Amino acid sequence: MELNVPTACAVVVNPSKVPDLDTFRETVTRVLGAAGWPEPRWYETTPEDPGCGQATEAMKDGAEVVFAAGGDGTVMACVTALAETDVALAILPAGTGNLLAANLGLAADLDTGLAVAIEGGLRRLDVGRTEGSCFAVMAGLGFDAKMLDSTSEVTKKRIGWPAYVIGAARHLRDRPMRVTITIDDQPPFRRRARTVLIANVGRLQGGVRLLEEADPADGKLDVAVLSPRTLSQWVAMAWGVMRRQGRVPSLEVLRGARVRIEAKGTEARQLDGDLIDPGTVLEASVLPKALWLCVPEPAGHPDLAVDANAAAERLQRLTKAGRIKD
């Protein structure tokens, strides 16, 4: 499906993630206007409301497309507000890390983010729901959340996503968790795992594709159980992921519409790369095709980033052809 030029659009922006907000606003408004889009309304997030209230207000004001400009928390808040509505979400990468932007292949490129929306690729995707929030990428219990907690904001601003490698190194030798996993109506099973991910799409920070067969519109959530116990097993698993092997050591993948993970003790937890309160349980269910998302064209591939690298080039060609004026 293609997105027609909307009658109204909005930008939900986290001002702390945008170094020069005035220039950012001018660029977004200018590029959208040159493509025939209306001038967007702007809504700034606050520490008390990372974007859910602002996205809801934008919908009430008539927005047909809401751009999320911020980090993972801003995007997740917008996903929560827009799920099960007819309003589309578009991503304008900002901040030092954004999991949904990584899965769209957008990196931190504002021009490409705008090009994706202007081109009109649109898909209805599944989202996961847990504890009153929705996630578009993945939720996690254990090592991945500890890694996020140990990653310095200063380091992220300085070197970008590789900062997570430093955070991860601090927990490579942590003891495995004892977890009980229940998927749909199947009998529960136990594992000694370093982390368990409940995923809708397959890419991690830096664009690494952990789950090759993850499909964001299949009505299922992928459950990834990572269980390396030694440094050599970590290396073997990472090498298998990077080489895109059919079977990756220390990685077990299952699927279901409802997932419950229960740990023996309190563990760190995250949703779409944003830390939530630690707990002993992480439980999620899928909302099938609940979110309209602006995606790179062609819009039917399971890997949402399949054509993102060419989006900015196509925007330049459209500019030269006169469809978009400088």
Side-chain angles (χ1 to χ4, degrees), residues 99-100 102-104 125-130 134-148 164 168 171-172 174 176-230 232-263 267-273 281-289 301-306:
L99 275 174
L100 188 53
N103 277 275
L104 288 170
L125 305 182
D126 304 336
V127 299
R129 178 168 58 190
T130 182
C134 292
F135 60 92
V137 181
M138 62 183 65
L141 178 80
F143 170 82
D144 62 309
K146 291 179 181 178
M147 173 193 71
L148 294 173
Y164 293 104
H171 296 284
L172 290 178
D174 287 359
M177 307 179 294
R178 295 179 181 270
V179 295
T180 301
I181 302 172
T182 306
I183 300 177
D184 295 333
D185 296 321
Q186 301 173 25
F189 59 93
R190 294 180 175 84
R191 291 290 186 271
R192 289 176 62 87
R194 302 302 299 274
T195 192
V196 183
L197 301 172
I198 305 173
N200 189 43
V201 293
R203 291 184 185 273
L204 304 175
Q205 295 288 2
V208 175
R209 190 164 170 80
L210 175 67
L211 300 167
E212 284 292 322
E213 297 183 6
D215 187 333
D218 62 357
K220 300 288 185 180
L221 296 169
D222 286 52
V223 183
V225 184
L226 284 69
S227 55
R229 298 192 180 187
T230 66
S232 61
Q233 289 177 347
W234 274 113
V235 172
M237 185 181 70
W239 182 243
V241 170
M242 295 300 294
R243 293 185 63 192
R244 300 186 179 183
Q245 294 177 346
R247 186 178 184 280
V248 177
S250 304
L251 173 63
E252 180 181 10
V253 181
L254 309 105
R255 291 184 179 86
R258 302 185 311 279
V259 182
R260 177 183 172 87
I261 308 163
E262 185 170 1
E267 299 288 344
R269 305 185 301 165
Q270 61 88 10
L271 297 181
D272 274 0
V281 174
L282 183 62
E283 191 168 7
S285 59
V286 69
L287 297 178
K289 297 184 178 179
H301 198 283
D303 184 354
L304 298 177
V306 68

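Throughout, numbering of the chain's residues begins at 1 and tracks the sequence. None of the values given here were measured: they were computed from a predicted structure.
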Quick check: closest heavy atoms across [X] and [Y], and the distance to 0.1 Å?
X	Y	result
V179	V196	CG2-CG2, 4.2 Å
L141	A263	CD2-CB, 4.1 Å
P288	G219	CB-CA, 4.5 Å
G128	L221	CA-CD2, 4.4 Å
T180	P188	CG2-CB, 3.8 Å

Can you find a pair of side-chain heavy atoms, one from [X] and one from [Y], that are under 4.5 Å apart?
X	Y	result
W234	F143	yes
V286	V127	no
I198	F135	yes
L287	C134	yes
L100	D272	no
K220	D184	yes
D144	L226	no
L271	T130	yes

Handout entry: side-chain hydrogen bond (donor to acceptor under 3.5 Å, both in side chains) partners for T182, two or more places apart
Key = none

Exercise for the section: Answer yes or no: is there a donor N or O on one side and an acceptor on the other, between the side chain of N200 and the main chain of V137, under 3.5 Å? Expected result: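 Looks like no, no N/O pair under 3.5 Å.
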
Problem - Any donor-acceptor pair under 3.5 Å from R192 side chain to R178 backbone - result: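 Looks like no, no N/O pair under 3.5 Å.
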
Handout entry: Heavy atoms of other groups near R190 CZ, more than 12 under 6.0 Å
Key = no

Completion exercise
CG (L251) and CG (L210) are apart, to the nearest 0.5 Å, by 5.5 Å

Practice task
Working to the nearest 0.5 Å, report the span between CE of M147 and NE2 of H171.
Solution key: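 Here the rounded value is 9.5 Å.
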
Practice task
Quick one: which residue pairs count as a salt bridge (Lys or Arg N to Asp or Glu O under 4.0 Å) with a foot in residues 251-260, not counting sequence neighbours?
Solution key: D185-R258, R191-E252, E213-R255, D222-R255, R260-E262, R260-E283

Exercise for the section: Under the side chain to side chain contact (heavy atoms under 4.5 Å, CB included) rule, collect the residues that match up with S227, sequence neighbours excluded. Expected result: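 With neighbours one apart ignored, the set is S250.
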
Completion exercise
side chain to side chain contact (heavy atoms under 4.5 Å, CB included) filter on A145, not counting sequence neighbours, yields A268, Q270, L275

Fill in the blank from the handout: By salt bridge (Lys or Arg N to Asp or Glu O under 4.0 Å), R269 pairs with (sequence neighbours left out) E131

Completion exercise
By salt bridge (Lys or Arg N to Asp or Glu O under 4.0 Å), D218 pairs with (sequence neighbours left out) none

Exercise for the section: Test side-chain contact (heavy atoms from CB on, under 4.5 Å) on V281 and I261 and set out the steps. Expected result: CA-CA 6 Å; V281 174; I261 308 163; over 6 Å; no

Handout entry: Ionic contact status for D174 with K146, cut-off 4.0 Å
Key = yes

